[in-house]
Amino acid sequence: MDTNFYEQVYEIVRLIPKGRVTSYGAIAKSLGAAKSSRMVGHAMLYSGLSHPKVPAHRVVNSSGLLTGKFHFEDPNAMQELLEKEGIEVKNDKVVNFKKVFWDPLEEII
DNA sequence: GCATTGACAAGTG
DNA sequence: GCACTTGCCAATG
């Protein structure tokens, strides 16, 4: 695979520090494809097949909701992982999303 | 090659 | 704040 859009997404997600989360829109924007936020989601689907696997559990939608937790091998583990990293998750949603939100642009700089 | 679907986002009512 | 609609692009049948 050449430098595809997915590779870029994987790089960003892998750069997400522990105890932090980001949104699809933020990643898409960082890649200059804010309109193609959906592609980020597709990339996440392939993340399970990609190597190394990316911490997709740190990627949530613009509302901080764990939309794709059911796509994990263990959806329940996703929330556990986030809580383990210090992220408060309530009702499949990141509580202090604003505080744990991590902007990929900060790392791309 | 066309139609449908999808881990989304932003705008409108 | 929630529900509905539009845009955007790729994968699948």
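None of the values given here were measured: they were computed from a predicted structure. Below, chains carry the letters A, B, ... as their sequence lines are ordered, and counting in each starts from 1.
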What's the [atom1]-[atom2] distance between [X] and [N], to the nearest Å?
X: A:Tyr10; N: B:dA7; atom1: OH; atom2: P; value: 15 Å
X: A:Leu82; N: B:dA7; atom1: CG; atom2: C1'; value: 14 Å
X: A:Phe72; N: B:dA7; atom1: CZ; atom2: C1'; value: 8 Å
X: A:Lys35; N: C:dG7; atom1: NZ; atom2: P; value: 12 Å
X: A:Asn61; N: C:dC8; atom1: CG; atom2: P; value: 21 Å
X: A:Met44; N: B:dC8; atom1: CE; atom2: P; value: 12 Å
X: A:Leu31; N: C:dC9; atom1: CG; atom2: P; value: 14 Å
X: A:Leu45; N: C:dA11; atom1: CG; atom2: P; value: 11 Å

Problem set entry | Audit row: A:Leu66, A:Val89, side chain to side chain contact (heavy atoms under 4.5 Å, CB included) steps and yes/no | CA-CA 9 Å; A:Leu66 310 182; A:Val89 180; 3.7 Å; yes
Exercise. Could you go step by step and tell me if A:Leu82 and A:His57 meet the side chain to side chain contact (heavy atoms under 4.5 Å, CB included) rule?
Worked result: CA-CA 7 Å; A:Leu82 291 172; A:His57 61 271; 3.9 Å; yes
Below 4.0 angstrom from OP1 or OP2 of [N], is there any side-chain N or O of [X]?
X: A:Ser62; N: B:dC8; value: no
X: A:Thr67; N: B:dC8; value: yes
X: A:Tyr24; N: C:dC8; value: no

Exercise. Under 3.5 Å, is there a donor-acceptor pair between the side chain of A:Tyr10 and the main chain of A:Ala43?
Worked result: yes
Problem set entry | Minimum-distance nucleotide to A:Ser37 side chain [options: C:dG7, C:dC8, C:dA10] | C:dG7
Exercise. Of all the nucleotides listed (B:dA10, B:dA7, C:dC8), which has the minimum atom distance to the side chain of A:Lys29?
Worked result: B:dA10
For this session: Using a 4.0 Å heavy-atom cut-off across all strands, classify A:Ala56 as base, sugar-phosphate, or nothing.
Result: base
Problem set entry | A:Ile27 side chain near A:Val13 side chain, heavy-atom distance below 4.5 Å | yes
For this session: Indicate if A:Ile87 and A:Trp102 have the same hydrophobic cluster label, given that clusters are the connected sets of ILVMFWY residues with side-chain heavy-atom separations under 4.5 angstrom.
Result: no
For this session: Record whether the side chain of A:Arg38 comes under 3.5 Å of the base of C:dC9 through a donor-acceptor pair of N or O atoms.
Result: no
For this session: Please evaluate the base of C:dC9 for a donor-acceptor partner in the side chain of A:Ser36 within a cut-off of under 3.5 Å?
Result: no
